[in-house]
Amino acid sequence: MTAFVFNEINFDNHEQVVFASEAKSGLRAIIAIHNTKLGPAMGGCRMWNYATEAEALRDALRLSRGMTYKNAVAGLPIGGGKSVIIANPKTDKTPALFEALGEALERLAGRYITAEDVGTSPSDMAYVAGKTKYVAGLGDRGDPSPFTALGCFVGAQAAVKHHLKRDDMQGLVVALQGLGHVGYDYARQLHAAGAKLIVADIDQASLKRAQEELNAEVVGINQIYDVQADIYAPCALGATLNPDTLSRLKAKIVAGAANNQLATADMGEVCRQKGILYAPDFVINAGGIIKVCYEYMNTPEDGMDAHVRRIGETLAEVFARADSEGLPTSVVADRIAEARFKN
């Protein structure tokens, strides 16, 4: 198994990878700590019905690395980590499962701090908190999704200003993929700013709500890449920027909340060559981790909104540097992050 981890293509000198199990609850989890140079690793716990253990490991390694870069660019005093639970979030949740996860985190003695992510919620984290203090995003104020959505919105504003030379979104068409907690709130803000929405999701209730409340046009999951739009906003799972989709995409800007949007690193250069301005995912979607970090570190929250809104300023810097250096925005964002956690 050790060789399997070290040889996995997404292994990036991770400091620690832990496989946690507990027979009574059925817990099977992987905790990946990528880098703690700036502070304890922090990143959410994803619960997903992975087809294989290898798929779960791949996700944990990719996501934990992304958290290091995200936290560094956001200027937070934390490193990057992630945990994944191999289980169906709709049918397999029990208090004992999350308590067992809490016990696994407690054994790590603060090297990794978790919170909610895809498939988990603040109420799930409450059971984790029954066994460890190394958990954030608790209670009614624990949901970080509104802050993630706000960061995406100010990031999209920065992209529009830079690439389209516009100070407003009135009449712009946004093809938005994924109407979960983050995606829907992001769509709401875009609609309020005057954008026209074309949306896709597997959840019919969310689509109907978007039609009724946001006057959105609905298209199929696979059709979203073919629509005429100014902005493509991927807000579901990752790797939607790949050779197939980029050959079809007509949008001028990519600005969405999903993690790991580039299927491979070279897709950033493909975007650049096609004249598509890509807002690097770990920069634009950092609002949630900013909120969680403020909460966990007991930092006064009166500065939190301004910190999230600085995502727009950071992206403006990334875009300007990419232009001047002739590099993909993804490479520039990586270099900004690495300058903070590697030195």
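Below, each value reflects all heavy atoms present in this structure, side chains not excepted, and no hydrogens, waters or symmetry copies. Everything quoted here is computed from the prediction, not taken from an experiment.
The CD1 atom of I31 sits 8.5 Å away from atom CD of Q16, with the distance rounded to the nearest 0.5 Å. Put simply, SG on C45 and CG on L101 are 5.0 Å apart, with the number rounded to the nearest 0.5 Å. Rounded to the nearest 0.5 angstrom, Y296 OH and I113 CD1 are separated by 4.0 Å. Separation of atoms OG1 (T120) and OH (Y127) is listed at 14.0 Å; rounding is to 0.5 Å. Atom NZ of K133 is separated from atom CG of L105 by 13.0 Å, given to the nearest 0.5 angstrom. Atom CZ of F282 and atom CD1 of I289 lie 14.5 Å apart (nearest 0.5 Å).
Heavy-atom neighbours of R321 CZ from other residues, nucleotides or ligands within 6.0 Å: above the threshold of 12. Within 6.0 Å of NZ in K24 there are 12 or fewer heavy atoms belonging to other residues, nucleotides or ligands. No more than 12 heavy-atom neighbours from other residues, nucleotides or ligands sit within 6.0 angstrom of CZ on R28. Other residues, nucleotides and ligands contribute over 12 non-hydrogen atoms within 6.0 Å of the CZ atom of R248. By the 6.0 Å contact criterion, NZ on K208 is open, its count of non-hydrogen atoms from other residues, nucleotides or ligands being 12 or less.
Between K196 and E217 a salt bridge is recorded (basic side-chain N to carboxylate O distance below 4.0 Å). Look at R272 and E269 and you find a salt bridge, because one of the NZ, NE, NH1 or NH2 atoms lies within 4.0 Å of a carboxylate O, short of that distance.
Hydrophobic cluster membership differs between L262 and V331, with clusters built from Ile, Leu, Val, Met, Phe, Trp and Tyr side chains linked at under 4.5 angstrom. Put simply, V292 and I311 are part of the same group of oily side chains (I, L, V, M, F, W, Y) that touch within less than 4.5 Å, one to the next. Linking Ile, Leu, Val, Met, Phe, Trp and Tyr residues whenever their side-chain heavy atoms come within less than 4.5 Å places V118 and I86 in a single cluster. No path of Ile, Leu, Val, Met, Phe, Trp and Tyr side chains, each step under 4.5 Å between heavy atoms, connects I221 with V218, placing them in separate hydrophobic clusters. With hydrophobic clusters built from ILVMFWY side chains whose heavy atoms lie under 4.5 angstrom apart, V182 does not share a cluster with M67.
Side-chain contact check for N259 versus D281: every heavy-atom pair is 4.5 Å or farther apart. For the pair E116 and D124, the minimum side-chain heavy-atom distance is 4.5 Å or more. Side-chain contact check for V5 versus F19: some heavy-atom pair is nearer than 4.5 Å. Between H181 and P146, the closest side-chain pair of non-hydrogen atoms is not below 4.5 Å. Between V283 and I336 the shortest side-chain heavy-atom distance does not fall below 4.5 Å. Looking at heavy atoms from C-beta onward, K82 lies in side-chain contact with D117 at the 4.5 angstrom threshold. Within the 4.5 Å cutoff, the side chain of T245 has no heavy atoms near those of the L249 side chain. In this structure, C293 and T299 have side chains that are not in contact, with every pair of non-hydrogen atoms separated by 4.5 Å or more.
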When you look at K291 and E295, which way does the side-chain contact (heavy atoms from CB on, under 4.5 Å) test go after all the steps? CA-CA 6 Å; K291 182 262 185 286; E295 174 206 322; 3.7 Å; yes
Evaluate L176 against Y186 for side-chain contact (heavy atoms from CB on, under 4.5 Å), listing each step before the verdict. CA-CA 9 Å; L176 192 144; Y186 182 25; 4.0 Å; yes
Evaluate side-chain contact (heavy atoms from CB on, under 4.5 Å) for L190 paired with L172, printing each intermediate quantity in order. CA-CA 9 Å; L190 290 165; L172 294 182; over 6 Å; no
Apply side-chain contact (heavy atoms from CB on, under 4.5 Å) to residues V154 and Q157 and explain how you reach the verdict. CA-CA 5 Å; V154 298; Q157 286 180 312; 3.8 Å; yes
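Minimum heavy-atom separation, A195 to V174: CB-CG2, 4.0 Å.
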Please tabulate, for the side chains in residues 54-65, all donor-acceptor contacts under 3.5 angstrom to protein atoms that are two or more places apart in sequence or on a different chain.
| residue | atom | partner | partner atom | Å |
| --- | --- | --- | --- | --- |
| E55 | OE1 | A51 | N | 3.4 |
| R58 | NE | E8 | OE2 | 3.3 |
| D59 | OD2 | Y50 | OH | 2.6 |
| S64 | OG | H14 | NE2 | 2.9 |
| S64 | OG | A60 | O | 2.8 |
| S64 | OG | L61 | O | 3.0 |
| R65 | NE | D12 | OD2 | 3.2 |
| R65 | NH2 | Y69 | OH | 3.1 |

What pairs of donor and acceptor atoms, side-chain ones from residues 228-238 against any protein atom, are under 3.5 angstrom apart with sequence neighbours left out?
| residue | atom | partner | partner atom | Å |
| --- | --- | --- | --- | --- |
| D230 | OD1 | K252 | NZ | 3.2 |
| D230 | OD2 | V173 | N | 2.8 |
| Y232 | OH | Q177 | OE1 | 2.6 |
| Y232 | OH | T240 | OG1 | 2.9 |

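Checking side-chain atoms of Q223 against main-chain N and O of G220 turns up a donor-acceptor pair under 3.5 Å. K93 contributes no side-chain N or O that, together with a main-chain N or O of A87, makes up a donor-acceptor pair within less than 3.5 Å.
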